[in-house]
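Notes for the one structure printed next.
Only this structure's heavy atoms are used, side chains among them; waters, hydrogens and symmetry mates stay out. Here is how names work: the chains are called A, B, and so on, in the same order as the sequence lines, proteins then strands, and each is numbered from 1.
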Amino acid sequence: EAGVAQSPRYKIIEKRQSVAFWCNPISGHATLYWYQQILGQGPKLLIQFQNNGVVDDSQLPKDRFSAERLKGVDSTLKIQPAKLEDSAVYLCASSPGANQPQHFGDGTRLSIL
Amino acid sequence: GESVGLHLPTLSVQEGDNSIINCAYSNSASDYFIWYKQESGKGPQFIIDIRSNMDKRQGQRVTVLLNKTVKHLSLQIAATQPGDSAVYFCAENILGGAQKLVFGQGTRLTINP
């Protein structure tokens with residue numbers, strides 16, 4: 001079974017620029033999550049999708065972050081404009097449904113200069 | 001703030017010994033708990049999970065114990081191997097309409113030869 005795919009693996013941008021991350025979940029997984037992991041900390045949930053609908057985006061900084069999952073499969077997370085504090089690893093995870101294990105991709109490491 | 005924490009940020013054990021990683025959680029309404037292993041440059045990898053109606057669950061070389069009375073979770077790794085070196089996170093699911101995992105800060109496990 002193929003795992004969660006994410007791209008790019010690394011991204012370096014200057015503050016105030018924009019950036020986008022892409023995620024392809026495990027086939028058949030209805031639920032998709034985006035997490036932010038700052039160095040030395042555990043992942044923090046940004047947004048959760050059930051198929052193509054948003055279930056929880058309470059911790060998403062909506063003034064600069066946006067995410068979509070148009071066809072209920074792939075998802076993109078965008079930051080515009082980026083701030084220095086956005087430097088982190090952005091992880092995508094998927095699960096078959098609620099209260100089932102989430103499986104993570106290897107993330108995109110974002111560095112803001 | 002985070003409701004899941006860990007007693008020790010680092011743990012060193014001898015190869016072949018058993019490892020015990022502890023986790024305290026504060027939300028008595030949490031109904032599902034997961035242990036993840038994260039190696040450098042990779043996403044969290046699912047190890048084992050346990051639901052709140054259980055107090056013990058065993059996998060291959062790993063055992064998770066749940067003590068709801070004192071809100072404590074532990075991961076036991078038998079016969080620790082060099083490949084077990086990683087950061088280990090516990091995560092709890094906050095009971096609610098959508099699965100929302102809250103991660104602890106993590107424990108770094110180092111294996112001494």
Separation between CZ (B:F103) and CD (A:Q41), nearest 0.5 Å, reads 13.0 Å
Rounded to the nearest 0.5 Å, what's the gap from CZ on B:F46 to CD on A:Q102? Could you check? 11.0 Å
Residue [X] excluded, over 12 heavy atoms near [atom1] under 6.0 Å:
X	atom1	answer
A:K71	NZ	no
A:L39	CG	no
B:K68	NZ	yes
A:E85	CD	yes

Where [X] and [Y] come nearest, the two heavy atoms and their spacing:
X	Y	result
B:P44	A:L91	CD-CD1, 3.8 Å
A:P101	B:D49	CG-OD2, 3.5 Å
A:G42	B:F89	CA-CE2, 3.3 Å

Does some side-chain heavy atom of B:L101 sit less than 4.5 Å from a side-chain heavy atom of A:Y33? no
Side chain, backbone, both or neither of B:Q38 within contact of chain A (heavy atoms, under 4.5 Å): side chain
Are [X] and [Y] grouped together when hydrophobic residues (ILVMFWY) are joined by side-chain heavy atoms under 4.5 angstrom apart?
X	Y	value
B:I20	B:F33	no
A:L60	A:L45	no
B:Y25	B:L65	no

Tell me, for A:S58 versus chain B, whether the close heavy atoms (under 4.5 Å) come from the side chain, the backbone, both or neither. side chain
Interface moiety of A:Q50 toward chain B, non-hydrogen atoms closer than 4.5 Å: neither
